[in-house]
Amino acid sequence: AQSVTQPDIHITVSEGASLELRCNYSYGATPYLFWYVQSPGQGLQLLLKYFSGDTLVQGIKGFEAEFKRSQSSFNLRKPSVHWSDAAEYFCAVANNNDMRFGAGTRLTVKP
Amino acid sequence: DAMVIQNPRYQVTQFGKPVTLSCSQTLNHNVMYWYQQKSSQAPKLLFHYYDKDFNNEADTPDNFQSRRPNTSFCFLDIRSPGLGDAAMYLCATSRDRAGQIYEQYFGPGTRLTVT
C-alpha cells in the first residue's frame with residue numbers, strides 16, 4: 001500500500017523568505033501525487049498535482065513542486081512566502097480511489 | 001460556483017445521541033468520500049461511495065454509517081457518538097473514469113463536539 005512521509009512537523013520562516021516542504025512517498029507503481037493546504041477550521045484546498053510528464057509542476061498561489069523518482073520525493077517550494085501562507089500543508093499519494101495523506105507540516109510565517 | 005457543501009459547520013451532540021452530518025455537491029462527481037480528522041493529524045478515510053457502491057475502510061468502526069440517496073448528497077451517521085469521535089469530518093468528491101485518477105475536492109468540514 002502507498003504511504004507518505006512529511007519529515008517536518010512544524011516549520012517557521014520569515015515573510016519574504018523561500019520555503020521548501022519535504023515529502024517522501026512509498027509506492028510501487030507510478031505515483032499520483034498531490035499537495036493540499038488547510039487553513040485553520042477549513043477544508044483542504046488543492047495546490048498542485050503530479051500525474052505524469054514534466055517533473056516540475058506549477059500550482060496556485062505561487063507554489064511549485066518537483067517530482068524526483070530517484071529520491072521518492074515530491075517537495076513543495078515557494079520562492080517568497082507571504083503571511084497568508086501560514087497554514088497546514090499535506091502531501092498525498094493516490095491509487096485509484098485511495099488517497100493517503102502525510103501527517104502534515106504546519107507553516108508559521110514570522111513578520 | 002461548483003462546490004462541496006457541508007452542513008452544519010459546527011455540531012454539538014451528547015454522548016450516545018445519534019447525529020447525522022450532511023454533504024452535498026454541485027460538481028456532479030460520481031465518487032464521494034468521508035474523512036475523519038482529529039486535531040493536528042492527517043485526514044483518515046472512513047469510507048467512500050463509487051456511484052451507489054459503498055466501500056468501507058477495514059478499520060472504520062461500525063458506529064459510523066453512510067447513506068448516499070442520490071449523486072448530489074451523502075450523509076454520515078454516527079449511531080452512538082463517544083468522546084473519541086469528536087473531530088473534524090471532511091467530505092470530498094472526485095471524478096472517476098476507469099484507469100484514471102483525479103484529485104479530490106473538499107468541503108469546509110463539520111466540527112463535531114461530543115459532550
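First the proteins, then the strands, lettered A, B, ... as listed; each starts at 1.
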Test: A/Lys61 and A/Asp85 ion pair at under 4.0 Å: no
Does the distance from a Lys or Arg side-chain N to an Asp or Glu carboxylate O, for A/Glu15 and A/Lys110, drop under 4.0 Å? no
Among residues 37-50 of chain A, which residues come closer than 4.5 Å to chain B, judged by heavy atom distances? A/Gln38, A/Gly41, A/Gln42, A/Gly43, A/Leu44, A/Leu46, A/Lys49
Counting only heavy atoms closer than 4.5 Å, note whether B/Gln6 contacts chain A via side chain, backbone, both or neither. neither
Contact check, side chains of A/Trp83 and A/Pro111, non-hydrogen atoms, under 4.5 Å: no
Just one of A/Tyr89, A/Tyr25, A/Phe90, A/Phe51 clears the ring-ring contact (aromatic ring centres under 6.0 Å, His included) bar with A/Phe34, so which one? A/Phe51
Consider ring-ring contact (aromatic ring centres under 6.0 Å, His included). Of B/Phe64, B/Trp34, B/Phe47, which one does B/Phe54 pass it with? B/Phe47
Under 4.5 Å to a heavy atom of chain B? For A/Arg106 that would be neither
For the Cys pair A/Cys91 and A/Cys23, is the SG-SG distance shorter than 2.5 Å? yes
By ring pair (Phe, Tyr, Trp, His ring centres under 6.0 Å) - contacts of B/Tyr89 (at least two apart): none
